[in-house]
Amino acid sequence: MPPLAPAPITVALGDGIGPEIMEASLRILEAGGARLAPEFVEIGEAVWREGHSSGLAPGVWDSLRRTGVFYKAPVTTPQGGGVKSLNVTIRKTLGLYANVRPCVAYAPFVATRHPGMDLVIVRENEEDLYAGIEHRQTADVVQCLKLITRPGCERIARYAFEFARSQNRRKITCLTKDNIMKATDGLFRRVFEEVGADYPEIAQEHMIIDIGAARIADTPEAFDVVLAPNLYGDIVSDIAAQVAGSVGLAPSANIGERCAMFEAVHGSAPDLAGRDLANPSGLLLSGVLMLSHLDQGEAAARVRNAWLRTLEDGVRTADMGAGESASAPVGAKAFTQAVIDRLGETPRRLKPARVQSAPRVAAGNQTPAAAPQKETVGVDLFVEWRGDVGRLVSQLKALEHGPLELKMVTNRGVKVWPDGLPETFCVDHWRCRFMNGGAPISLREIADLSARAAEAGVEFIKMENLCTFDGEPGFSLGQGQ
Ligand code: NAD
């Protein structure tokens, strides 16, 4: 068979230690048999300085469109305003919906309290509180919208199960706070269970995020694959990397339907730049994930095994805690050469890497949703008001007309009318619920209510329609639950 053509990839050298660790990683990957055709692009400090607020040179998107794979070294984020997060821009623009972070202990060769730890965090990467939709609504109140979508949940759950299947992993733990956020986190959990029905061979469990995070910190060896929405996933992936004892060794993959990005978890470590001290392992292991993604599983396994063998032989850079058999730390160049010298060898005690294919989650393979029967049954009018709830209620009662009746007023989710308690602390932000006794109302009636509110000088900020879906309320029922 003729040799396969090299895979085009987009490579950014980044800032600080970025160029050194990228050069080292590419050397090892290519010596390990990776077939790569890198296109180098500019990102980071210099590009920000030239006035590109994203930190990405203009040619980056064209290159990524051609290659579909981004191998990225860390960048130094400039301090001060006017600078957008480069990673958030890349993730959102390219639709990189899955953030995958393996957190593995390399005991006894890298010191850790959890020698049996070998887990992978699969974090939803685009939705949740990271949609960046925030508003200041009143003098005292700001809000951030938490958006969770069914297609977003289906895609990440499907990815997590396909990942577990392709890597022979046996269990997925889903983390949410669905006891409090019944609609948003509740959907994430429900979809996890629905998609999970297609993967009976994989054990499935759910934990509330607080106890789940505590257990990851305490007994990480009990976890295999962990699936979480964006914010919780962000937090637990740092906990897990820290507990593994090896933040500097941790790789990550950001996966989308058309593009994927591979980078180390750590930053650009400007303090180490140019001193032959930077450990290339995090970026190298991200490159190993990239090779699996490119269907170059043999090269991926060869490089990982040589790297494991290097650890076993006690060769380490200064940042790696000295474990069993460690000798004095070596410089980054010597470490790189030590890995290259061991290509073709396998570890004796650490678990050797096997040739694995990357999960394939095809575009548009989600369950087509049957459109539910939707009815609008009321509206929450959010009002700015400083003063007594009794006076607010009399103004709101004057707006009642036709089928819409004032049913309840809450402040920060706590019911203050009817039957409120004088002890409840109130701010200038009130949710005023109007309903038609549960029966449908028209959008015209909602528009008329807002027009009457405007005429009466009621300072409303926004309205949220209350809808039922197949008869089930699509809104929380009142009291902060
Ligand atoms: P950092 O990860 O760069 O450094 C934290 C500590 O770990 C430092 O002591 C550093 O010397 C050490 N360290 C990190 N990587 C190492 C390696 N490969 N080998 C040996 N030691 C290593 O975090 P920071 O100091 O908070 O951030 C520095 C810069 O990196 C900031 O501008 C930050 O915004 C940026 N950053 C970028 C990314 C990214 O591009 N993905 C991620 C995180 C931070």
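Values below: all heavy atoms of this structure, side chains included; hydrogens, waters and symmetry mates excluded. Counting starts at 1 for both ligands and their atoms, following the listed order.
Taking a cutoff of 4.0 Å between a charged side-chain nitrogen and a carboxylate oxygen, Arg155 and Glu127 do not qualify as a salt bridge.
With no hydrogens or angles considered, no side-chain donor-acceptor pair links Ser252 and Arg101 at under 3.5 Å. Remark: the Glu205 side chain and the Thr173 side chain contain an N/O donor-acceptor pair separated by less than 3.5 Å. For the residue pair Asp341 and Gln337, a side-chain donor N or O sits within less than 3.5 Å of a side-chain acceptor on the partner.
For ligand 1, the protein residues within 4.0 angstrom (heavy atoms only) are Ile17, Lys72, Pro74, Val75, Thr76, Thr77, Asn87, Glu263, His266, Gly267, Ser268, Ala269, Pro270, Asp271, Leu272, Ala278, Asn279, Asp319.
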message = Checking Met463 against Asp380 for the side-chain contact (heavy atoms from CB on, under 4.5 Å) test, could you report, in this order, the C-alpha distance in whole Å, the side-chain angles of both residues, the deciding distance, and whether it holds?
response = CA-CA 6 Å; Met463 295 184 302; Asp380 279 345; over 6 Å; no
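Below 30°, between 30° and 60°, or above 60°: for Phe161 and Tyr199 the angle between ring planes is below 30°, a parallel geometry.
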